[in-house]
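These notes are about the structure you will find just below.
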Amino acid sequence: MARVSQEHLDARRRQIIDGAIRCFTRNGFHATSMQDVLREVGLSAGAVYRYFSGKEELIGAIVGEAFGTIRGAFEDAAKQDPPPLPDKLLAHVLDTVLNGRVGGGSIEFPRLVLQVWAETLRNEGLATPLREGFADMRVAWGKLVDAYREAGLMPDDVDADAVARTMMALAQGFIAQQALFGDAKVEQLEAGLRALMRMEVPKVS
């Protein structure tokens with residue numbers, strides 16, 4: 001019997017994840033069954049269950065992939081010398097996740113993220129990887145703050161965790177706007193953040 005290549009296995013897993021994302025985005029987690037996913041990807045139950053034990057594991061894989069993509073974009077930015085300023089950095093990260101592999105495109109990903117956030121309020125199994133991903137992101141931003149300090153772009157007394165939480169809140173808010181209203185543009189966020197960064201307190205004469 002011929003051995004199945006790793007490339008084939010990876011492609012099949014990708015096919016299942018992409019199909020599940022389309023189903024979840026259209027109908028939500030609760031209204032989507034594994035039978036819906038099977039029909040979407042055109043595979044047998046045995047073929048799909050070889051990779052995922054059920055819907056919960058599929059959702060967890062999607063969440064992990066999304067956080068991995070975001071974390072990787074931040075880590076790549078931290079390696080640049082000097083690192084990009086927050087307006088450019090956040091625009092780059094959001095553009096990466098909105099137009100990259102996760103979620104299949106700029107429309108599906110924000111809607112999927114909102115569903116994940118809502119589901120974590122009742123699903124502890126999903127809440128755990130989300131909390132872990134959030135913690136990882138705070139660490140990644142802490143490294144960026146260190147890079148900003150070394151480049152002389154940020155004072156030494158800046159609270160790294162405060163910066164991390166603020167930038168993550170901006171990203172989350174943008175994703176929520178995109179999912180709910182569909183008119184949010186990365187360029188607008190970049191321009192708005194750049195304007196805020198340029199604010200100065202007037203000198204008292």
Query - Check: Asp183/Gln178 side-chain N/O donor and acceptor closer than 3.5 Å - result: no

Report task. Go through the structure and list residues passing side chain to side chain donor-acceptor pair (under 3.5 Å) with Gln15, not counting sequence neighbours. Result -> Arg12

Report summary line: Of all heavy-atom pairs linking Val186 and Asp95, the shortest is CG2-N, 4.3 Å

Report task. Sorted by first residue and then second, give each ring pair (Phe, Tyr, Trp, His ring centres under 6.0 Å) pair with at least one member in residues 135-175; sequence neighbours left out. Result -> Phe74-Trp141

Query - CG-CD distance between Leu9 and Gln6, expressed to the nearest 0.5 angstrom - result: 5.0 Å

Query raised in the report: When rounded to the nearest 0.5 angstrom, what is the spacing between SG in Cys23 and CG in Asp18?
Result: 11.0 Å

**Report entry** Salt-bridge present (Arg14, Asp10; N to O < 4.0 Å)
**Finding:** no

Query raised in the report: Between CD of Gln115 and OG1 of Thr25, what distance do you get to the nearest 0.5 Å?
Result: 6.0 Å

Using atom types as modelled, flag every donor-acceptor pair under 3.5 Å from a side chain in residues 187-199 to any protein atom, sequence neighbours excluded.
unit_1: Gln188; atom_1: OE1; unit_2: Lys185; atom_2: N; d: 3.3
unit_1: Glu190; atom_1: OE2; unit_2: Lys88; atom_2: NZ; d: 2.9
unit_1: Glu190; atom_1: OE2; unit_2: Arg194; atom_2: NH2; d: 2.9
unit_1: Arg194; atom_1: NE; unit_2: Asp87; atom_2: OD2; d: 3.0

Report task. Just jot down the side chain to side chain contact (heavy atoms under 4.5 Å, CB included) partners of Ala127, sequence neighbours excluded, or say none. Result -> Thr120, Glu124, Arg131

Query raised in the report: Who pairs with Arg39 by side chain to side chain donor-acceptor pair (under 3.5 Å), at least two apart in sequence or on another chain?
Result: Asp36

**Report entry** Pairs flagged by ring pair (Phe, Tyr, Trp, His ring centres under 6.0 Å) wherever residues 32-66 is involved - sequence neighbours left out
**Finding:** none

Query - Side-chain touch Leu89/Leu85, heavy atoms, less than 4.5 angstrom - result: no

Query raised in the report: Who passes salt bridge (Lys or Arg N to Asp or Glu O under 4.0 Å) against Glu40, sequence neighbours left out?
Result: Arg22, Arg26

Query raised in the report: Roughly how far apart are Ser53 OG and Leu58 CG, rounded to 0.5 Å?
Result: 8.5 Å

**Report entry** Same apolar cluster (I L V M F W Y, side chains within < 4.5 Å links), Leu112/Leu121
**Finding:** no

Query - Set of residues satisfying salt bridge (Lys or Arg N to Asp or Glu O under 4.0 Å) with respect to Asp161, sequence neighbours excluded - result: Arg138, Arg165

Query raised in the report: Looking at CG of Leu180 and CD1 of Ile175, how far apart are the two atoms once the value is rounded to the nearest 0.5 Å?
Result: 11.5 Å

Query raised in the report: Between Asp146 and Arg149, is a salt bridge (Lys or Arg N to Asp or Glu O under 4.0 Å) present by the stated rule, with each step listed?
Result: CA-CA 5 Å; Asp146 289 339; Arg149 288 169 176 160; 3.3 Å; yes

Report task. Grab the two heavy atoms, one from Leu153 and one from Pro83, that are nearest each other, plus how far apart they are. Result -> CD1-O, 4.2 Å

Query raised in the report: Looking at Ile16 and Ala47, what are the two nearest heavy atoms and their distance?
Result: CD1-O, 4.2 Å

Report task. Work out which heavy atom in Thr32 is nearest to a heavy atom in Gly28; give both atom names and the distance. Result -> OG1-O, 2.7 Å

**Report entry** Nearest non-hydrogen partners of Asn123 and Glu56, listed with the distance
**Finding:** ND2-OE1, 2.6 Å

Query raised in the report: Would Met137 end up clustered with Val139 when hydrophobic side chains under 4.5 Å apart are linked, directly or stepwise?
Result: no

Query raised in the report: So, for Ala160 and Gly142, which heavy atoms are closest and what is the spacing to 0.1 Å?
Result: CB-CA, 4.2 Å

Query raised in the report: Looking at residues at least two apart in the chain, or sitting in another chain, which of them share a side chain to side chain donor-acceptor pair (under 3.5 Å) with Glu132?
Result: none

Query raised in the report: Quick one: does Leu144's side chain get under 4.5 Å of Met167's, heavy atoms only?
Result: no

Report summary line: Sorted by chain and residue number, the side chain to side chain contact (heavy atoms under 4.5 Å, CB included) partners of Ala11 (sequence neighbours excluded) come out as none

Query raised in the report: Can you list the residues that meet the side chain to side chain donor-acceptor pair (under 3.5 Å) rule with Thr166, with sequence neighbours excluded?
Result: none

Report summary line: Residue pairs meeting ring pair (Phe, Tyr, Trp, His ring centres under 6.0 Å), one or both in residues 8-34, sequence neighbours left out, come to Phe24-Phe29

Query raised in the report: Got a second to check how far Met34's CE is from Lys55's NZ, nearest 0.5 Å?
Result: 9.0 Å

